[in-house]
Amino acid sequence: MFNRKSVIALMLAALLAVMGIGMSACGNKKSDLKVGFVYIGPVDDGGYTQAHNNGRLEMMKNLNLSEEDAPYIENVKDDDPAATRAAIQSLIDAGCKMIFTTSFGYGETTKVMAEENPDLYFAHCSGSITTTNMDRYFGRMYQARYLSGIAAGKATKTNKIGYVAAFPIPEVIRGLNAFTLGVRSVNPDAQVQVVWTNTWYDENKEYQAAKALLEGGCDVLGQHQDSAQAVIAAKEKGAYSVGYNNSMLQYNEEGYLTTPTWDWGVYYTKAVQSVMDGTFKGNEAFWLPMSDGIVGLGEYGASVSEETKTLIAAEKAKIEKGEWDVFWGPIKDQTGKVVVAEGTKMSDDEIWGMMWLVEGVIGEVK
C-alpha cells in the first residue's frame, strides 16, 4: 500500500515530468557553469571573430546562459604568449570552468594553462594540440570552399582569380587548394593567384593585397582573412568576390558571389553540454563535416546564375551524403604531377597536414 509520503512523492515526480524537469536536476542550474572565450579580433570585425561570437550567442540561447555566464576577451594577439596567458588567467579568475581559445596561435599556451589547471576544461580552435582536459575543434571548411570555388570559376571572364591568404600553414593551404579545385572543376583554364599577408587580421594589409591582385588583372577575389577588406576592394574595382566566415553581401552587393560560412554554435553547444553532463573526455579532436551544419555557404549574390546554384547544390549533396569529397583523386600538384591517384583519396591526416599546392595555383608555400 502507498503511504501519504509516497503518494506526495509520486505526485511531485509526475508534476516535474509534465514540466520537463527531472528530480535530479533540482539545485543543478545550468548557469552554475561559466564559460569563457578568447578572441583574436573585435566582435564586430564582420568576419572571423564575429562568427565565433555569433556561435557563443547561439550556445547561450540553446543552453539558457546569460552574458555573465559566457564572458569573452577580444583583440588578444595569438603570436603573443604572454597576452594569451593573461587573457586565459583573467577568465579563470572570473570563475570560468571552461575556456575556448579561438585562434591557431593560442594552442601552445592553452595547453600549458590546461596542464596548470587540471580541474578546468579547455578547447582550442584549428590547432593540433590536445591534453587530458583539452580538446581541439574545427570544421571541414574545405568542403564549403570547394563549392564557393565553383561560383568563382563560373564568374571570371579573365580566368585570373585572386586569393588573399593569411599564413602558408595547412589550414589555409587546404582551403586555397579546395577553392582552386572547385574553380577548375567548371573552368579548367582559370588560375588562382595567392598573396600571403602573414596576418589573420590587419585590415590595411588585407586591403592592399586585394588591391594588388585586382590591379594585376584578377576579376574575382577569394580570401582566407578575418575582415571584409578583400570584398570591399573588389567592390571598388567592380570585381566579383567570395567572402569568408559571415555573409559579406553588404560590402559588395553587385559583385558578391557567396561566402563559406561558420556556424560555431553547433560545436559550442555540444561542447558546453558535455561539461554539464559530465561527458567531456579531453584529448579529443573534432573535425566536423558540412553535413553537421558547422560549415556551409551563405546566401548567393544576384550575379550567381540559377545554373550555377543548381550545380553547387548537386555537389553539396554528394559531399554531405559521403558519395564524394574534395580531396579524392585524381589531383595534380603545381608541377603537373599526380599526387592523388584516381580511385584513391587523401586521409584525414594528409589533409590536415597539407603543405603543397594544387595545379592551377600561382604562388609558393614560403
Side-chain angles (χ1 to χ4, degrees), residues 35 37-39 47-63 98-104 106-107 110 121-131 134-148 169-179 182 224 226 244-247 258-277 279-298 312 315-328 345-354:
V35 183
F37 293 77
V38 180
Y39 295 149
Y48 183 78
T49 294
Q50 186 170 323
H52 277 285
N53 198 53
N54 287 343
R56 180 186 70 96
L57 295 171
E58 180 182 336
M59 176 275 296
M60 289 163 52
K61 181 179 179 181
N62 291 341
L63 300 179
M98 184 174 197
I99 296 172
F100 297 95
T101 56
T102 63
S103 189
F104 178 83
Y106 297 143
T110 304
Y121 305 92
F122 295 81
H124 173 238
C125 179
S126 80
S128 300
I129 304 170
T130 63
T131 189
M134 171 184 165
D135 289 342
R136 62 179 172 91
Y137 64 98
F138 208 53
R140 294 181 184 269
M141 179 51 75
Y142 66 84
Q143 295 175 331
R145 286 200 181 278
Y146 177 87
L147 300 179
S148 71
I169 62 174
E171 174 193 340
V172 184
I173 289 169
R174 64 175 172 264
L176 167 61
N177 283 344
F179 177 80
H224 191 138
D226 286 4
Y244 183 41
N245 296 299
N246 291 301
S247 171
T258 188
T259 292
T261 57
W262 288 102
D263 183 355
W264 292 108
V266 170
Y267 170 75
Y268 289 143
T269 300
K270 290 180 179 179
V272 175
Q273 187 67 63
S274 74
V275 172
M276 291 177 170
D277 296 342
T279 57
F280 183 97
K281 296 179 181 178
N283 272 324
E284 291 198 291
F286 295 97
W287 199 11
L288 304 178
M290 187 162 57
S291 56
D292 278 14
I294 191 170
V295 301
L297 283 186
I312 291 173
E315 293 299 297
K316 181 175 184 284
K318 287 196 300 183
I319 293 172
E320 291 188 330
K321 291 176 183 177
E323 298 173 355
W324 179 83
D325 205 355
V326 176
F327 294 112
W328 290 20
K345 56 185 178 181
M346 296 182 68
S347 69
D348 277 358
D349 285 345
E350 289 172 331
I351 298 171
W352 189 262
M354 184 178 288

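Starting from 1, each residue takes its place in the sequence as its number. Scope of the values below: all heavy atoms of this structure, side chains included, with no hydrogens, waters or symmetry mates.
- In this structure the side chain of S274 never reaches within 4.5 angstrom of the side chain of Y121, judged on heavy atoms.
- T269 contributes atom OG1, which lies 12.5 Å from atom CZ of R56 (distance to the nearest 0.5 angstrom).
- Contact record, T259 with Y244: CG2-N, 3.3 Å, taken as the closest heavy-atom pair.
- Put simply, the side chain of L297 reaches to within 4.5 Å of the side chain of S148, judged on heavy atoms.
- Looking at T131, its side chain never comes within 3.5 Å of a backbone N or O of M134 through a donor-acceptor pair.
- Counting heavy atoms from C-beta on, the side chains of F100 and V35 come closer than 4.5 Å.
- Here H124 contributes atom NE2 and F104 contributes atom CZ; the two are 7.0 Å apart, rounded to the nearest 0.5 Å.
- Between E58 and Y268, every side-chain heavy-atom pair lies at or beyond the 4.5 Å cut-off.
- Not a single donor-acceptor pair under 3.5 Å links the side chain of D325 to the backbone N or O of I319.
- For the pair R174 and W352, the cation-pi criterion (under 6.0 Å, within 45° of the ring axis) is fulfilled.
- In this structure, the side chains of Y137 and I294 stay at 4.5 Å or more apart for every pair of heavy atoms.
- Between the NZ atom in K270 and the CG atom in D277 there is a gap of 13.0 Å [rounded to 0.5 Å].
- Residues F327 and N177 meet the side-chain proximity criterion, which asks for heavy atoms closer than 4.5 Å.
- Annotation for W262 and A51: closest pair CB-CB, 4.4 Å, computed over non-hydrogen atoms.
- A donor-acceptor distance shorter than 3.5 angstrom exists from the side chain of D135 to the backbone of E284, with no hydrogens or angles considered.
- When side chains are defined from C-beta on, L176 does not count as touching H224, because their heavy atoms never get closer than 4.5 Å.
- A pairwise comparison of heavy atoms in M290 and V295 identifies CG-O, 3.4 Å as the closest pair.
- Taking each heavy atom of T102 and V38 in turn, the nearest pair found is OG1-O, 2.6 Å.
- Of all the heavy atoms in F138 and C125, the pair that sits closest is CD1-SG, 3.9 Å.
- You'll find the side chain of F280 reaches within 4.5 Å of the side chain of M98, heavy atoms only.
- Scanning all heavy atoms of the two residues, the minimum distance from S103 to S126 falls at C-OG, 4.3 Å.
- For W324 and Y146, the gap between ring centers is short of 6.0 Å.
- M59 pairs in a side chain to side chain contact (heavy atoms under 4.5 Å, CB included) with only one of the listed residues (L57, N62, L63), which is L63.
- Residue H52 is tested with Y267, F37, W264 for a ring-ring contact (aromatic ring centres under 6.0 Å, His included); the sole match is W264.
- To the nearest 0.5 Å, the span separating CE on M354 from OH on Y142 amounts to 9.0 Å.
- In this structure, CH2 on W287 lies 5.0 Å from CD1 on I351, to the nearest 0.5 angstrom.
- Atom NZ of K61 sits in a sparse spot, with 12 or fewer heavy atoms from other residues, nucleotides or ligands closer than 6.0 Å.
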